[in-house]
Amino acid sequence: MGVASRIGALVLVVASALFGEAQSAHSQSADLSFGDPYRLLQRDGEAIYRAICQGCHMPDGQGAIGAGAYPPLANDPNLEASGYPIVLVLEGRRAMPPFGRTLDDGQIAAVVNYVRTHFGNHHTDVASAADVTSLRK
Amino acid sequence: MENPGEVSRRQLLARIGTAAGSAVMYQAMTVLGLAADSGYRGPIKLEGDPKGAKVLILGAGIAGLVAALELRKAGYHVEVLEYNDRVGGRSWSLRGGDRYVELGGAAQRCEFDAGLYFNPGPWRIPYHHGGLLDYCRRLNVALEPFVQVNYNAYVHARDAFGGKPQRYREVVSDFHGNIAELLAKSLAQDKLDQPVSADEKQALLAALRAWGALDADYRYRAGLISSDRRGYAKDPGGGLSAEPMPSRPLAFGDLLRSGVWRRLGTDLTYEYQTTMFQPVGGMDMIPKAFGRAIGDVVRYNAKVTEIHQDDHGVTVTYVDATRGGTPRTARADWCLCTIPLSILSQIPLNVGAAMSAAIDAVPYGPGLKVGLQFRRRFWEQDEAIYGGITYTDLPIWQIGYPSTGYNSAGKGILLGAYPFWSYAFELTSLPPVERVKKAVAWGAQIHPQYQEEFENGIAVGWHRVPWSLGCFGLWSDAARREHYKNLCAIDGRIVLAGEHASYLPAWQEGALLSSLDAMTRLHQRVMAG
């Protein structure tokens, strides 16, 4: 590890300033995956879920259990109000990294809306990018 | 008051920083001697008789192991509860025959040949991590150099130089040479916006010429002087046709546009300055040596489910990590807990609000490594790359060449991917077999030999690791200000340790130093009665 910690700290500060422009050429193709080292280029809620969230919450949203657990997102009562998942995505918590600089407001709204309408969740109110903006510190 | 020469020199430094990027600036600044070591002050001394007091240690990674070793030596009864069936935690090596099941259930069997290994976690030790080095010495863990910088490895960007990887020696020489020439030109023409004294000017010109491999006219150009840095078109040899042929530097404009200069200067960073080390045979040689030294005090496969303290001691409830079943308890006077915060934050624990908030305040950073076995060591045989790291803007981020077994005829293991952040997230989200496949496909853009020589691989995405749920504690400055001291302070009969309780996140030295500090304070508490 080692470099991980440096990158972890750096990423919050200089990431896109340093790497952003050089990577943009790779974002032109239809497949937006692996387009940038510090930001996600996918804008569709499901695509974002597949790229990031399922790494821990698993493809079916069931979560996983080891020495600790990743909570299932399926049938999750905590998703009742969109503000809660939005803040978690922005700031991270416990094992969950913060994504406030990896995803912009529209991307966060998209992935929160996706999770709140899939995996047995049926919340019909739609979060907007502006909702995310208002929750950024 | 500073004299005008002083100011001017600083502004020169600032100009260098702006023009050349942080690498040159950093090199200039290190002359100021701001370095400090990790704070290790030699073997810990826990004096006085703890009178049979017992300490329960949670976790048998580096922090837990050093606590078990030293507290036992000081006269404590110790018992260690460990989730895995081995010691080491993230200090871990994978070898042929090992089976690794990640969260979600995907199982991988390591297919490496005998004698080959891969470190999914820490893989290098800086020379100034004096604590870890001291324990290696005391526990007879053999070390060998870890090659961090290899001038013959590559820097690579997909959109630069037709996608062809460039030798680090060529890029670094050409970058320094062109910067030196530019600055020498500005100096000679008095185009700096601050005065530089005549003495300073002469010294700086001489320095730039030497540093940048400039010719007598302060130009960086094709010739034997620059080839002595960047390498030759034809190396000097012996005999009749031995005369060297100089190489041609890259065009500075191409170099600037390429962006590969972003990869310059890693070796200037204090953490990666030579000499670095690795244990001979795998990083887990360190925890294994600790394990032998502490004796039979570790209870394996113990999943902690609750930590409860009262006025007289601490009770820890645990279940068998593989079979579940009836909860059992362990009891001690004190508890030194090294469980990663990603997991500890989910375990019922009756500590005060301050420590509780601190435990919740540290999200975990991502990381991912892929180890690849190849039929032959083509990077050495075909490309003369012995150890070191190639950096690329491909999602694999880097390729690490083994710092051991040089020039041997057999097979070898490459670190085929070690990305952070987005690329780590995206790779972790794929099934392990896909991660390996992608690492091979991307790496083949740098080493076409991959296609012929690849045999097997194994991928560890740290957020899928069941016993860490992430790579390392990702402290923000704000969280540190508010919570760090509360995390480290003893709460009743409980004290925490681990890389998360250090200013050396993700380094084994951080885990070790935090544990030494925690047990020192705990011992003082015990002695105070």
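Per chain, numbering begins at 1; letters A, B, ... match sequence-line order.
If you measure heavy-atom distances from B/Leu394 to chain A, you find no contacts under 4.5 Å at all. With a 4.5 angstrom heavy-atom cutoff, A/Gln62 does not touch chain B via any of its atoms.
Between chain A and the options B/Lys303, B/Arg464, B/Lys438, heavy-atom pairs under 4.5 Å are most frequent for B/Arg464. Comparing B/Pro126, B/Ser429, B/Pro363, B/Ala424 by heavy-atom pairs within less than 4.5 Å of chain A, the highest count is held by B/Ser429. The candidate from B/Thr428, B/Asp477, B/Leu103, B/Leu344 with the greatest count of non-hydrogen atom pairs under 4.5 Å with chain A is B/Leu103. Ranked by heavy-atom pairs shorter than 4.5 Å toward chain B, the options A/Gly66, A/Pro59, A/Cys56 are led by A/Gly66. With respect to chain B, the highest number of heavy-atom pairs below 4.5 Å among A/Cys53, A/Ala64, A/Ala67 belongs to A/Ala67.
Checked against the 6.0 Å centroid threshold, B/Trp397 and B/Phe420 count as a close aromatic pair. Two rings, from B/Trp467 and B/Trp92, have their centers less than 6.0 Å apart. Aromatic ring centres of B/Phe425 and A/Phe34 lie farther apart than the 6.0 Å criterion allows.
Side-chain atoms of B/Ser342 never come within 3.5 Å of backbone atoms of B/Gly470 as a donor-acceptor pair (strictly under, hydrogens ignored).
In this structure, B/Lys369 satisfies the cation-pi test against B/Tyr418, with its NZ or CZ atom closer than 6.0 Å to the six-membered ring centre and inside 45 degrees of the ring normal.
Put simply, the side chain of A/Gln107 reaches to within 4.5 Å of the side chain of A/Arg39, judged on heavy atoms.
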